[in-house]
Structure formats: structure tokens, C-alpha cells
Asker: 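Okay, handing you the structure first.
Every chain is numbered from 1 and lettered A, B, ... according to where its sequence line falls, protein lines coming before strand lines.
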Amino acid sequence: MLDIRLIREQPDFVKSRIATRGGDDAAKIDEVLRVDATRRKAETALQQLNGDRKRLSKEIGGKRARGEASDELETRVREVGDQISLLNEQTSAADEEQKRLLLQIPNLPHANAPVGKDASENPVVRSWGEKPALSGTVLDHLALGTQLKLFDLERAAKLSGSGFICFTGAGARLERALINFMLDLHTREHGYLEISPPFLVRRECMIGTTQLPKFEEDMYGLENGELFLAPTAEVPVTNFHREEILGPAELPKKFVAYTPCFRREAGSAGRETRGIIRVHQFDKVELVKITAPENSYAEHESLTANAERVLQLLGLHYRVIELCTGDLGFGGAKTYDIEVWSPGQNAYLEVSSCTNFEEFQARRMNLRFKDADGKNRFCHTLNGSGLALPRLFAALIETYQQPDGSVRIPEKLQPHFGAAEIR
RNA sequence: GGUGAGGUGGCUGAGUGGUCGAAAGCAGCGCUUUGCUAAAGCGCCGUACUCCAAAAGGGUACCGAGGGUUCGAAUCCCUCCCUCACCGCCA
């Protein structure tokens, strides 16, 4: 959520910055400004009347205490009261309308974000390792997984429909090993606090981290409309401190959480739907930071580096791209995507999206900290996968496949997996 | 799921219709006293919105949330949320 004051004071700046995203949000800015003016006018009048009532009511109290008549005053206050309830309705209506509009205006991209219209214009920031030189027939993860009985998609469909995975045997163990490997890395070597949060979250939390109100159709909600299946651990973990004022020494907060993630992926049928690349439920280890504004960009770099470390230790080739303004998510100010190389797809697969939201989410969830001067200010929030499992799983077995159809387990993962190969 | 108790400022805690944004204590900040520490005394010490070009300074709202009664609500009524205790059910 943007600061209404910023919009009010620098509407052209806000419009031009948001325009780089490519949407047509200028109209929303004008609308919110119009509502804001109405709201403030009504509010000022309301405050005036409230003051009148307060004063007159006290007078009545005084008169009564002295045994004097107060009928005339009471009539007057009653009239003021009627005006107040009228204005009250106008004010709260304008207030709600303003809030509703503000929730739909995206964040301003960072000043240095590369300007571009869509994913095709995302610059590559760096890459690590090289594409593996595989000999013989290169199998994709679907063929490998089926052959080695690592997962069973047909039976998963029998249980839950298409777009679900059921890991089996060594596949289930590999999934679990990867989760533990990543959690251990981030907690022991990168200093994150492990959180195991609820998977069902309230509507307010979904609003706080910007999944709602705009993307409700992509979310799984429960019948009562109140609880949602979290689409990422970002939601419960970032909201962990919602409505709080953190002490000056508490920042930065660094959390890591493993959770399943639930997504409808509405409208994505036919796109990347083969295999386990895009599914309705998947496991993910998520990194979340809550920082002071001054440090958020440094923390953004280190968070991205922490996520990259997973791929480095597993020896998987990847590249890091920065999202251009046209491809940036709704709440993000700056985002790096980490893409792992998939020999089977002959393509890079997104396994992490590391984003600095600045105070956009913090404003929505009223998450603040007390700075050195004792002033309450909004925190900055960041998150990134560290990493998303199915695609990592796919890239790993594809990269480490052997000519005889077996899969080698990278050395660093062997202690967690308990074996050196799958065959 | 049932019954009961309760939700007040950073914390503890008073306040059952008017002068209460809210006593008191603790913590915090400033000053005085003091050889240092300690102690004592005095003062300050919530948030949001809004008015004013800005500052200074006003104003309004907020005592879990939302409605209601009333000239006037922290205080009375209703609904909801949450916490605690006990009972029931259950992995």
C-alpha cells in the first residue's frame, strides 16, 4: 500500500513511476486523490461538529448538576447529533473507498529497476556453473521419475485431480532430504530462525502480503470465506509480527520456513503443465526478512546470495535475472529471480523470486519499528524462496542422471539422503 | 462443542453514565541534589487522522472489533473476535 500523503504531494511522480509497470493505474491515482479530498473535507466538518457536541454536552452536565433546566440545549445537541450521523456515514464511506482503492494500486518500482515491458526484457545479472555435459539420451524428470518410481502422477490425479504430485519411495526421501538440507543450511550457516507456521491463514494476512484482494481467484479459500490455504510461507511468516512495533535492536529479523504451498494456478492450463513444474500443491523453503529501511537493499542482496548458495552446494547451474518494471510483481520494488538449468526442459526454471517490498507490505499489515530517535516507522519486508522444491527436484535428477538410468546424489546432500545414488 | 471469568497506555493496574486520553505504580527521558554508586525531589513521557504555507499551536478519534441506547459511553445493551479456567470430544 502506498502512502496517501506521497500520492497527494507528488501525484505526477507516483504516476510516472507506476506507468513503467505498463498497466493503466493513472486513473486509479486520480480517483484516490478525488476520494481523499472528499474524505478530508467531510472529516474536518465532522470533527468540528463532534467538538460542538462535546462542549454542549458538558454544558448540559454542568446545568443538571446545578439543577438548572437544559431542555433547550438538549434539543440543539440532538440536531447536531443528527448531522453527525449523516456526516459519519459519508466519512466512513469515503474512508473505505480510499482504502479499497489504495489496496489496488501497485508498489513503485525501485528507481534503478530496469525499465521494460515484459519478461523478455529481464536482464541477466549473473550466472553460476555450466550446463552439464550429458552423454547418451537425455531424459527429462518425468521420464526419469517414472522409470525410477520417484513419483506417481497418475495416482496423484486419482486422489486430487491433475496438477498434484505424489512422491514415492526414494523420491519422497529425496524431497524430504532437500527440505532438511535447506533448512539446516539457512539456520546453521545463514543465521535464520526456523518457523513452522500454520498453513491456513486469515484473510487479513493475505491482504497484508498482497495476495488479496487482487488475486483471490488464484487462492484456495475455505468455504467460510475466512481462512485460506497459504500459497507460500511468505504469508504466515511475514505476518508473524503484524500490528506490532518492534524494538530498535530487534531488526533485522530473519526467518526460514518450510511449508507446502497451495495455488489454483488459474488460467495457466496448458502452460508448463507437464510433469511437476507447475502444480497446485508444492513444497517450499522460504526466506523472510524484516529490516530497517536503511538496510533493506543490503539485506536483499544477502538473501539472494543465501538462496543461491543452495544451488552452489548442490552443484546445479543457474542464472540470476532481475525483473524489469513490466514483469515486477504487484507489491515488489525490486526482484531477482533465480533460475536453475533444466537439461530435460532445455530451459531455465524459476526456483526463487527474491523481492524487496520496501514498506508496501508493512503498511498493509501495520508492521512498524521504533527507530533510534524513538519514532515509529514502517519496516521493510523481503522474501525469497530458498528454494522451491519440485523444480529443484526436477533439475537435480536431470542434471545428475547417469547413462545407465540411475541418478547420482550430490555429495553435500548425501548425509541427508542417506545414499549416494538412486537406481 | 458447553460453561464461567476476562480483554484499559511499553508493563502492572484503578476507574460502573458527564469536568476521563483516562488515577496510581513500574520502566523510559530531562533537570536538581551528590565524591562515585545508590537514593530522593521536580518535570516530561501513547497512537492515528486532521487544521494552519510551514513551525509554533489547535481540533477530533481511539479503553479488543463492530453496532445500539443516551444530550453525553471506558462505564449500559447486542453481535463478533481473542485470552484464561473447567467440562466434553479428539490426533
Asker: Identify the pairs formed between an N or O of the protein and an N or O of nucleotides 17-20 of chain B at a distance under 3.5 Å, and give each distance.
Answerer:
{"unit_1": "B/G18", "atom_1": "O6", "unit_2": "A/Arg64", "atom_2": "NH1", "d": "3.4"}
{"unit_1": "B/G18", "atom_1": "N2", "unit_2": "A/Ser57", "atom_2": "O", "d": "2.7"}

Asker: Is there any ring pair (Phe, Tyr, Trp, His ring centres under 6.0 Å) pair reaching into residues 36-65 of chain A, and which pairs are they, with sequence neighbours excluded?
Answerer: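 Output for this query is empty, none listed.
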Asker: Does a salt bridge link A/Arg78 with A/Asp82, judged by any charged N lying under 4.0 Å from a carboxylate O?
Answerer: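 Looking at A/Arg78 and A/Asp82, the cut-off is not met.
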Asker: Provide the Watson-Crick or G-U wobble partner of B/A23, both distances under 3.5 Å; none if there is no partner.
Answerer: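 No nucleotide pairs with B/A23.
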Asker: On a whole-Å scale, what distance lies between the C1' atoms belonging to B/U8 and B/U47?
Answerer: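 Those two atoms are separated by 15 Å.
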Asker: Could I get the full list of ring pair (Phe, Tyr, Trp, His ring centres under 6.0 Å) partners for A/Phe262, not counting sequence neighbours?
Answerer: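 Listed in chain order: nothing, the list is empty.
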Asker: Quick one: side chain to side chain donor-acceptor pair (under 3.5 Å) partners of A/Ser70, sequence neighbours excluded?
Answerer: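 In terms of side chain to side chain donor-acceptor pair (under 3.5 Å), with neighbours along the sequence ignored, A/Ser70 is linked to A/Glu74.
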Asker: Could you check which nucleotide pairs with B/C36 in any of the strands shown, counting Watson-Crick or G-U wobble with both distances under 3.5 Å?
Answerer: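 Here B/C36 is not engaged in any pair, so there is no nucleotide opposite it.
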Asker: Just how far, in rounded Å, is C1' of B/C81 from CZ of A/Arg203?
Answerer: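 Computing the A/Arg203:CZ to B/C81:C1' distance gives 16 Å.
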Asker: Paired with B/A48 by Watson-Crick or G-U wobble geometry, both distances under 3.5 Å: which nucleotide is it?
Answerer: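 Its partner is B/U60 (Watson-Crick or G-U wobble, both distances under 3.5 Å).
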Asker: Should B/G88 form a Watson-Crick or G-U wobble pair with both distances under 3.5 Å, which nucleotide is its partner?
Answerer: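 Check on B/G88: unpaired, no WC or wobble geometry under 3.5 Å.
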Asker: Distance between the P atoms of B/C44 and B/C49, in whole angstroms?
Answerer: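 Each nucleotide's P atom is 26 Å from the other's.
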Asker: Verify whether the ring centers belonging to A/Phe330 and A/Phe360 lie closer than 6.0 Å.
Answerer: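 Here the rings of A/Phe360 and A/Phe330 have centres that are less than 6.0 Å from each other.
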Asker: Rounded to the nearest angstrom, tell me the gap between atom CD in A/Glu243 and atom C1' in B/G9.
Answerer: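 Atom-to-atom, A/Glu243 to B/G9, this comes out as 17 Å.
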Asker: Between A/Ser385 (side chain) and A/Ala388 (backbone), is there a donor-acceptor pair under 3.5 Å?
Answerer: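 No, A/Ser385 side chain to A/Ala388 backbone: no donor-acceptor pair under 3.5 Å.
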Asker: What integer distance in Å separates A/Leu46:CG from B/G59:P?
Answerer: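 Between P of B/G59 and CG of A/Leu46: 16 Å.
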Asker: Which value, in whole Å, describes the distance between the P atoms of nucleotides B/C31 and B/A38?
Answerer: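 Each nucleotide's P atom is 15 Å from the other's.
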Asker: Give each protein N/O atom lying under 3.5 Å from an N/O atom of nucleotides 44-52 of chain B, with the pair distance.
Answerer:
{"unit_1": "B/U47", "atom_1": "O3'", "unit_2": "A/Arg368", "atom_2": "NH1", "d": "3.4"}
{"unit_1": "B/A48", "atom_1": "OP1", "unit_2": "A/Arg368", "atom_2": "NH1", "d": "3.4"}
{"unit_1": "B/C49", "atom_1": "OP1", "unit_2": "A/Arg5", "atom_2": "NH2", "d": "3.1"}
{"unit_1": "B/C49", "atom_1": "OP2", "unit_2": "A/Arg5", "atom_2": "NH2", "d": "3.2"}
{"unit_1": "B/C49", "atom_1": "O3'", "unit_2": "A/Arg39", "atom_2": "NH2", "d": "3.1"}
{"unit_1": "B/C49", "atom_1": "O2'", "unit_2": "A/Glu43", "atom_2": "OE2", "d": "2.2"}
{"unit_1": "B/U50", "atom_1": "OP1", "unit_2": "A/Arg8", "atom_2": "NH1", "d": "3.4"}
{"unit_1": "B/U50", "atom_1": "OP1", "unit_2": "A/Arg39", "atom_2": "NH2", "d": "2.8"}

Asker: Quantified in whole Å, what is the C1' atom distance between nucleotide B/A74 and nucleotide B/C62?
Answerer: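 Their C1' atoms lie roughly 11 Å apart.
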Asker: Rounded to whole angstrom units, what separation is found between the CD atom of A/Gln48 and the C1' atom of B/A61?
Answerer: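 It works out to 15 Å between those atoms.
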Asker: Return whichever of A/Glu74 or A/Gly51 has its heavy-atom-nearest nucleotide of RNA chain B closer to the 5' end.
Answerer: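 Upstream on the strand: A/Gly51.
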Asker: Can you tell me, in whole Å, how much space there is between the P of B/G46 and that of B/G9?
Answerer: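 It works out to 14 Å between them.
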Asker: Mark yes when over 12 heavy atoms from residues, nucleotides or ligands other than A/Arg76 sit less than 6.0 Å from its CZ; otherwise mark no.
Answerer: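 Counting neighbours around CZ of A/Arg76, 12 or fewer heavy atoms of other residues, nucleotides or ligands fall under 6.0 Å, so no.
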Asker: Which base, if any, makes a Watson-Crick or G-U wobble pair with B/A14, both distances under 3.5 Å?
Answerer: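 Pairing partner: none.
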Asker: Can you tell me the base-pairing partner of B/G66? Count Watson-Crick or G-U wobble geometry only, both distances below 3.5 Å, and say none if there is no partner.
Answerer: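 Partner of B/G66: B/C78.
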Asker: Which whole-number value in Å describes the distance from A/Gln83 CD to B/G72 P?
Answerer: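 So the CD-P distance, A/Gln83 to B/G72, works out to 14 Å.
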Asker: Could you pull out all residues at least two apart from A/Glu96 that satisfy side-chain contact (heavy atoms from CB on, under 4.5 Å)?
Answerer: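 Partners of A/Glu96 under the side-chain contact (heavy atoms from CB on, under 4.5 Å) test: none.
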Asker: Would you kindly compare A/Asn50 and A/Arg78 by the position of their nearest RNA chain B nucleotide and give the one closer to the 5′ end?
Answerer: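 The 5'-side residue here is A/Asn50.
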Asker: If we call it a pair only when both distances are under 3.5 Å in a Watson-Crick or G-U wobble match, what pairs with B/U83?
Answerer: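 Looking at the geometry, B/U83 pairs with B/A5.
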Asker: Only counting residues at least two apart or in another chain, list the ones meeting ring pair (Phe, Tyr, Trp, His ring centres under 6.0 Å) with A/Phe240.
Answerer: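 Scan of A/Phe240 (ring pair (Phe, Tyr, Trp, His ring centres under 6.0 Å), adjacent residues dropped) gives A/Phe255.
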Asker: Who passes side chain to side chain donor-acceptor pair (under 3.5 Å) against A/Gln98, sequence neighbours left out?
Answerer: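 A/Gln98: side chain to side chain donor-acceptor pair (under 3.5 Å) contacts with A/Arg39.
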Asker: Return the value, rounded to whole Å, for the distance between atom CD1 of A/Ile84 and atom P of B/C71.
Answerer: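 To the nearest whole Å, that distance equals 13 Å.
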Asker: What's the gap between B/A14 and B/U75 when it is taken at their C1' atoms, as a whole Å value?
Answerer: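 Each nucleotide's C1' atom is 13 Å from the other's.
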Asker: So, is A/Lys54 near the phosphate of B/A61, with a side-chain N or O under 4.0 Å from OP1 or OP2?
Answerer: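 Yes.
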Asker: Distance between the P atoms of B/U12 and B/G7, in whole angstroms?
Answerer: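 So the two P atoms sit 12 Å from each other.
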Asker: How many Å lie between CG on A/Asn366 and P on B/A65, as a whole number?
Answerer: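 Nearest whole value for this atom pair: 13 Å.
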Asker: Roughly how far apart, to the nearest Å, are B/A56 and B/G68 at atom C1'?
Answerer: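 Their C1' atoms lie roughly 42 Å apart.
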Asker: Taking atom P of B/A65 as reference, at what distance in whole Å does atom CZ of A/Arg242 sit?
Answerer: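 Rounding to the nearest Å, CZ of A/Arg242 and P of B/A65 are 15 Å apart.
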Asker: The criterion is ring pair (Phe, Tyr, Trp, His ring centres under 6.0 Å); which residues satisfy it with A/Phe228, sequence neighbours excluded?
Answerer: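 For A/Phe228 there are no ring pair (Phe, Tyr, Trp, His ring centres under 6.0 Å) partners, ignoring immediate neighbours.
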